[in-house]
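Values in this document were obtained by computation on a predicted structure and should not be read as measured data.
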Amino acid sequence: MSLLGTPQGAPTATWQAGSTQTWSIGGIGNHYGGSCQVGFSVDKGQTFQVATTYEGNCPHRTTGSDPSGQVFPFTVPADLPPGTQVFAWIWYNREQELNMNCAAVDITAPAANPPGGGYHGSPAAHAASSSSSGSASVAYRDRPEMLVADDGNGCFTPHTTAELKYPAPGPEVVAGDGAYPLQLPYGTCGGVGEQAYGGETGEDGH
């Protein structure tokens, strides 16, 4: 984050608030799937709040590791403040490994009257999720923080036999392919996890 505001940390994309965009992952193997979240920070990396959650099959397990086969849609929160913000993705594979990357992006003001009415999120997320309707309109400040686990903090994701089910996924959730069951994280996962799953650990026995 120390590069923000410098030529090395210049924005890499321009996105309109409320629009559908895509991100890709590549160069590190797909580990035959996992679960991911993408989100934004408006305070220079102090906190990151969720835009879209992908529960299972992230990265796509059958399309190799080239970025062209690892493209995912998401919706930029409609009230994300204009200006330079930080976009991030986090991926948890089934080896209890955390992978994360960030980039500065320019956010522009949303369209005054988005066409079509109703849902304005990504079609893939809308089709796959039972809880995504109107996701772009959910206030950024009301969204959960992105989950941090497998980082020496006492919170652990499922190991080997399952993919991660997020305790606080946010308003836009893309379902996976069902190849593996979904399980909640376990251990000391902080207030968000405790509130979201009421003390159930989701432990997979590892």
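D79 places a side-chain N or O within 3.5 Å of a backbone atom of Y140 that can act as its donor or acceptor partner. When atom types are taken as modelled, the side chain of S41 and the backbone of F48 share no donor-acceptor pair closer than 3.5 angstrom. Here the side chain of T53 pairs a donor or acceptor atom with the backbone of P169 at under 3.5 angstrom. Here the side chain of N153 pairs a donor or acceptor atom with the backbone of V148 at under 3.5 angstrom. A distance-only check finds no donor-acceptor pair linking the side chain of R143 to the backbone of G170 [under 3.5 Å]. Between the D66 side chain and the S68 main chain, a donor and an acceptor come within less than 3.5 Å of each other.
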Query raised in the report: Can you check side-chain hydrogen bond (donor to acceptor under 3.5 Å, both in side chains) on Q21 and S19, steps first, answer last?
Result: CA-CA 6 Å; Q21 301 294 337; S19 66; 2.9 Å; yes
**Report entry** Worked verdict on Y180 versus R61 for side chain to side chain contact (heavy atoms under 4.5 Å, CB included)
**Finding:** CA-CA 11 Å; Y180 290 90; R61 63 183 97 255; 3.7 Å; yes
Query raised in the report: Could you go step by step and tell me if L147 and L164 meet the side chain to side chain contact (heavy atoms under 4.5 Å, CB included) rule?
Result: CA-CA 11 Å; L147 177 70; L164 175 64; 3.8 Å; yes
Query raised in the report: Between T52 and Q37, does a side chain to side chain contact (heavy atoms under 4.5 Å, CB included) hold up when you go through it step by step?
Result: CA-CA 6 Å; T52 302; Q37 282 187 321; over 6 Å; no
Requested in this report: Before giving the answer on side chain to side chain contact (heavy atoms under 4.5 Å, CB included), spell out for M1 and K44 the whole-Å C-alpha distance, their side-chain angles and the decisive distance to 0.1 Å.
Outcome: CA-CA 7 Å; M1 296 301 166; K44 299 183 178 181; 5.7 Å; no
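For the residue pair V86 and C102, the shortest heavy atom distance occurs at CG1-CB, 3.9 Å. When all heavy atoms of T188 and C155 are compared, the closest pair comes out as O-CB, 3.4 Å. Contact record, P185 with K165: CD-O, 3.4 Å, taken as the closest heavy-atom pair. Closest approach of A111 and Q16 over heavy atoms only: N-NE2, 3.5 Å. Between E172 and T75, the shortest heavy-atom contact is OE1-OG1, 2.9 Å. The two atoms that bring A104 and L4 nearest to each other are CB-CD2, 3.9 Å, heavy atoms only.
Scanning for side-chain hydrogen bond (donor to acceptor under 3.5 Å, both in side chains) contacts around T14 gives an empty result, with sequence neighbours left out. Every residue meeting the ring-ring contact (aromatic ring centres under 6.0 Å, His included) condition with F40, not counting sequence neighbours, appears here in chain and number order: F87. Under the side-chain hydrogen bond (donor to acceptor under 3.5 Å, both in side chains) criterion, D150 pairs with T157, not counting sequence neighbours.
Cluster annotation: I107 is not connected to M146 through the hydrophobic network of ILVMFWY side chains, with a link wherever side-chain heavy atoms come within less than 4.5 Å. Note: the hydrophobic cluster containing L182 does not contain V174 (ILVMFWY, side chain heavy atoms under 4.5 Å, direct or indirect links). The hydrophobic cluster containing V173 does not contain V50, counting ILVMFWY residues as joined when their side-chain heavy atoms lie under 4.5 angstrom apart, directly or transitively. Hydrophobic clustering, with ILVMFWY side chains joined whenever heavy atoms are under 4.5 angstrom apart, groups W89 together with L80.
Once rounded to the nearest 0.5 Å, the distance linking CH2 of W91 with CD of Q70 reads 8.5 Å. If you take CD1 on I90 and OG on S35, they are separated by 12.5 Å, rounding to the nearest 0.5 Å. One finds the OH atom of Y92 at 14.5 Å from the CD atom of E163 (value rounded to the nearest 0.5 Å). Distance check, rounded to the nearest 0.5 Å: OG1 of T47 to CD of E145 gives 5.5 Å. Between atom CG of residue D106 and atom OG1 of residue T12 there is a gap of 9.0 Å, rounded to the nearest 0.5 Å. Rounding to the nearest 0.5 Å places CD of Q183 at 12.0 Å from CZ of R94.
Remark: aromatic rings of W15 and F74 are close, center separation under 6.0 Å.
Taking the six-membered ring where tryptophan is involved, the planes of Y54 and F72 are perpendicular, since the angle between them exceeds 60° and thus also 30°.
For the pair N93/N99, a side-chain contact is recorded, criterion being any heavy-atom separation below 4.5 Å from C-beta on.
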